[in-house]
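Working notes, structure below.
Protein chains get the first letters and strands the later ones, always in sequence-line order, with residue 1 at the start of each. Basis for what follows: all heavy atoms, side chains included, without hydrogens, waters or symmetry-related copies.
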Amino acid sequence: MKAFSALLDALVFAPQRSAKLRLMQRYFRETPDPDRGYALAALTGSLSFPHAKPALIRALVAERVDPALFALSYDYVGDLAETAALIWPARGGPAEPPRLAAMVETLGSAEKGTLPGLVAETLDQLDESGRLALLKLITGGLRVGVSARLAKTALAELGDVEVAAIEEVWHGLDPPYTRLFAWLEGRGARPAEPGGLGFRPMMLATPLEERDLPTLDPADHAAEWKWDGIRVQLASRGGEARLWSRTGDDITLAFPDVIAGAAFDAVIDGELLVVRGGVVAPFSHLQQRLNRKTVGTKLLEGYPAAIMVYDLLAWDGEDIRALPFAERRRRLELWMERMALPRLALSPLVRFTSWSDLAGIRAAARGDGIEGLMVKRWDSTYRAGRLKGPWFKWKREPLTVDCVLMYAQRGHGKRSSFYSDYTFGCWLEDAGGTRTLVPVGKAYFGFTDAELAELDRWVRAHTVDRFGPVRAVRPELVLEIAFDSVHLSSRHKSGLAMRFPRVSRIRRDKPAAEADSVDALRALIAPI
Amino acid sequence: MEAENGQRDDPVTGSDDRPPAPHTRLLPNWLKLTAQGLWCEAGDFFIDPGRAVARAVITHGHADHARPGHGHVLATPETAAIMRIRYGDRAGGTIDPLPLGEPRRIDGVTVRFVPAGHILGSAQVVLEHAGTRVVVSGDFKRQADPTCQPFEPVACDLFITEATFGLPVFRHPPDAVAVDRLLTSLSTFPERAHLVGVYALGKAQRLIALLRAAGYDRTIWLHGALTRLCDLYREQGVFLGELALCSGGRRKELAGEIVLCPPAALADRWSRAFPDPVIAMASGWMQVRQRARQRGVELPLVISDHADWDQLTGTIREVTAPRVLVTHGQEDALVHWARSLGLEADALSLTGYDDGG
Ligand SMILES: [Zn+2]
Ligand SMILES: [Zn+2]
């Protein structure tokens with residue numbers, strides 16, 4: 001348990017991806033089975049302790065700590081699990097704290113009635129860092145900034161295999177993953193890929209560089225719309241269905257409308273969207289449906305979801321991923337015709353004759369939930385991961401708006417000595433004609449290292465006020481902000497929320513008074 | 001000698017028509033709270049006054065306790081040396097070194113310094129007058145520290161304690177945990193410089209001494225603001241091993257090395273020249289993760305120069321004082337705890353203290 005809690009403690013503070021990978025690799029290398037397997041399960045969100053709720057922790061602490069002291073402490077720390085871990089009275093526990101595996105197995109199989117006693121007993125045996133790890137583990141939120149994908153990437157580097165090779169077998173494995181580690185360490189065979197309803201790791205595209213176009217033959221490529229939703233995989237067999245996210249999370253229960261009637265034997269790849277009366281709604285509508293475990297009637301009716309289908313991976317028990325895209329597409333069209341499912345639509349191909357022709361089509365596309373184009377080689381087989389060559393994404397030109405820098409905040413890690421997070425605003429005119437700046441967004445990328453240094457210098461030289469790590473600056477610097485789309489939002493003061501804002505240019509040439517207005521930004525809201 | 005601003009500060013105890021603040025009930029009538037800090041009327045001196053005064057008794061060399069410009073300063077010889085380094089000519093008109101343990105009679109009051117275990121030369125002030133003994137803890141801790149003498153509990157009638165970490169969530173792990181964490185990070189990231197933010201007085205030297213005790217024998221690199229005080233510790237016989245100033249061009253060559261600097265330098269342009277630095281910080285505040293994250297720290301090291309909750313409560317029990325005044329930090333929780341024990345306790349608001357932990 002010591003090694004695991006030390007790992008979590010290090011991960012939560014490590015800002016860089018590379019540092020997180022190094023920390024996980026060291027842990028996986030140095031920790032024996034089955035502890036490391038349970039740690040992997042915790043990091044990939046594959047463990048659950050349904051009876052462990054925050055109320056249980058609160059109750060356990062209340063039995064041991066003066067309520068006034070607890071209240072003062074909670075107020076100060078601000079996080080229940082951390083407060084509980086810190087304030088838990090030390091017992092001078094045993095010399096050897098319990099092993100992670102033993103803890104997971106005991107607490108995971110505990111009945112609701114016996115769980116509190118077991119949790120308390122375990123907490124008594126741990127130090128502060130171990131207590132926090134345990135509490136975060138059982139209440140289901142490690143919050144150490146590690147995605148399942150990143151944990152698998154660490155494993156892949158450890159075993160010198162592709163992440164895709166791990167993802168292909170992942171959904172056939174269970175904690176504590178001893179066969180997986182045996183394979184990665186060259187002590188065992190590669191575990192078998194799951195068939196049927198299991199998740200098949202997705203094929204991803206790389207951005208199309210326009211300078212590459214002359215080297216590509218339009219006749220070798222198909223084009224289709226890149227829809228602005230989330231990539232999903234739908235597998236169905238024997239009357240059962242599973243909906244998977246791009247990262248292999250099972251999101252079936254949140255989308256009963258999509259899988260209703262999915263009684264077929266096939267695996268399809270597509271884009272999950274909100275579609276009303278055949279019209280694709282903007283991404284913000286889909287967001288209402290995301291990150292929910294289940295869904296109520298109101299949401300189902302207000303935000304009906306559907307899939308725009310891109311690809312067919314298996315049909316009637318036959319895995320067709322090794323066939324070329326042209327053949328998969330032919331079968332997909334055939335399959336769609338036979339199925340005629342209400343919540344599935346075929347993503348249409350975009351016909352074009354030359355790259356300039358396609359560029360024109362791309363420039364004309366606005367709204368309708370389109371993010372840009374996908375360009376795929378007709379002969380591309382379906383392979384996991386992001387390979388350069390077979391598939392390209394060609395996003396629409398971003399929208400831009402000229403904003404005024406208002407606040408800057410110090411970054412983290414490598415950037416902790418730089419003011420690198422920028423809040424910018426647009427002009428808002430009131431009834432009396434007075435113009436004030438209203439914050440419309442925040443950006444912390446898009447600039448080069450040289451531009452970052454320039455912005456940092458500018459911020460330090462134009463500070464008018466400080467609040468902790470934040471500086472207010474003289475409203476004099478105009479930044480051109482690029483973004484993918486803008487939506488109405490009640491959570492923001494300006495009433496608007498931008499998607500993927502980034503600093504595209506520093507406009508020293510432009511006076512702040514000539515920056516854009518909130519109204520101009522509002523005019524860019526995607527039509528519905 | 002006159003105080004720095006050329007005027008003698010007279011104690012201001014508040015006009016007589018106002019009711020006394022609740023804490024004054026617990027102070028003996030010869031000890032008063034004034035705008036400048038705690039004033040011993042019977043001996044006419046202040047303890048750690050927040051502004052320049054005619055006569056000051058100083059517990060230790062941290063800037064929020066030892067201010068420049070006093071007329072007469074009574075302090076341990078080590079604290080006196082620290083003040084001379086920090087303030088030069090402004091350290092005080094006359095500096096009167098009083099070794100730990102030696103009593104000094106000032107008018108009708110007996111004053112004695114007793115080790116506080118906080119930093120080199122740090123002391124509690126024991127005051128005896130009219131049959132009453134008062135102990136002013138200054139800043140203190142109970143953990144072993146190779147750079148200073150350990151805290152000695154003194155039984156008293158009134159204990160005036162600090163409470164920088166006066167919440168039960170502050171229970172500092174053994175120093176070895178932090179040292180181990182730093183050394184583990186060095187071996188995990190041998191290509192990155194490890195920049196550790198430390199307070200220049202006390203924390204820096206203690207961390208160095210802890211690293212030496214753990215067997216780390218490479219050169220430890222110092223920001224310029226730390227060198228003079230490290231030299232002083234060495235002159236006082238504290239073993240710090242090989243130290244070097246990391247100036248200008250050297251910074252980019254310090255991959256895999258430990259570099260100590262004041263906390264402010266971590267966020268400063270100074271830190272940029274280092275190869276992909278791991279930003280670490282040695283402080284008791286690092287115990288609360290949220291707080292550490294706000295500071296952009298990648299490697300928080302819980303090493304505190306102040307008593308944690310268990311040390312505060314343990315010390316209050318040990319000194320067996322029926323009356324406790326809590327100052328300088330998180331007073332509420334400790335006052336609540338002391339009262340629940342049946343002690344008379346209150347917060348004593350001394351302004352101007354600002355402790356780094
Ligand atoms: Zn101090
Ligand atoms: Zn202090």
Distance-minimising heavy-atom pair for Q16(A) and D276(B): NE2-OD1, 2.9 Å

Shortest non-hydrogen separation from R26(A) to T184(B) and the atoms involved: NH1-O, 3.4 Å

Rounded distance [0.5 Å steps], OG in S417(A) versus CZ in F274(B): 11.0 Å

Ring pair (Phe, Tyr, Trp, His ring centres under 6.0 Å) against Y422(A), all qualifying residues, sequence neighbours excluded: F447(A)

Close approach to chain B in residues 453-465 of chain A, criterion heavy atom under 4.5 Å: D456(A), R457(A), R460(A)

Heavy-atom proximity to chain A below 4.5 Å, by part of P173(B): neither

Pick from P469(A), A19(A), S129(A), G78(A) with the largest number of heavy-atom pairs that fall under 4.5 Å of chain B: A19(A)

Crowding at CZ, R218(B) (>12 non-hydrogen neighbours, <6.0 Å): no

Side-chain donor or acceptor of R289(B) paired with backbone N/O of D9(A) under 3.5 Å: no

Audit row: Y27(A), T188(B), side chain to side chain contact (heavy atoms under 4.5 Å, CB included) steps and yes/no: CA-CA 10 Å; Y27(A) 173 83; T188(B) 309; over 6 Å; no

Contacting region of V12(A) [heavy-atom separation from chain B under 4.5 Å]: both

Nearest non-hydrogen partners of A10(A) and R181(B), listed with the distance: N-NH2, 3.8 Å

Region of V297(B) that comes under 4.5 Å of a non-hydrogen atom in chain A: backbone

Would you be so kind as to tabulate the donor-acceptor pairs closer than 3.5 Å made by side chains of residues 264-271 of chain B, with sequence neighbours excluded?
{"from": "D268(B)", "atom 1": "OD2", "to": "W270(B)", "atom 2": "N", "distance (Å)": "3.3"}
{"from": "S271(B)", "atom 1": "OG", "to": "L266(B)", "atom 2": "O", "distance (Å)": "3.1"}
{"from": "S271(B)", "atom 1": "OG", "to": "D268(B)", "atom 2": "O", "distance (Å)": "3.1"}

From CG (D75(A)) to CG (L167(B)), nearest 0.5 Å: 9.5 Å

Residues, nucleotides or ligands: over 12 heavy atoms within 6.0 Å of F49(A) CZ: yes

Neighbour count >12 (heavy atoms, 6.0 Å) for atom CZ, R17(A): no

Within 45° cone and under 6.0 Å: R272(B) NZ/CZ vs F418(A) ring: yes

N/O donor-acceptor pair under 3.5 Å between R293(B) side chain and F13(A) backbone: no

R99(A) atom CZ, over 12 foreign heavy atoms within 6.0 Å: no

Mind listing the side-chain donor-acceptor pairs of residues 330-337 of chain B below 3.5 Å, one per line with the distance, residues two or more places apart or on another chain?
{"from": "E331(B)", "atom 1": "OE2", "to": "H328(B)", "atom 2": "N", "distance (Å)": "3.2"}
{"from": "H336(B)", "atom 1": "NE2", "to": "D66(A)", "atom 2": "OD1", "distance (Å)": "3.2"}
{"from": "H336(B)", "atom 1": "NE2", "to": "D66(A)", "atom 2": "OD2", "distance (Å)": "2.9"}

E82(A) side, atom CD; Q287(B) side, atom CD - distance, nearest 0.5 Å: 8.5 Å

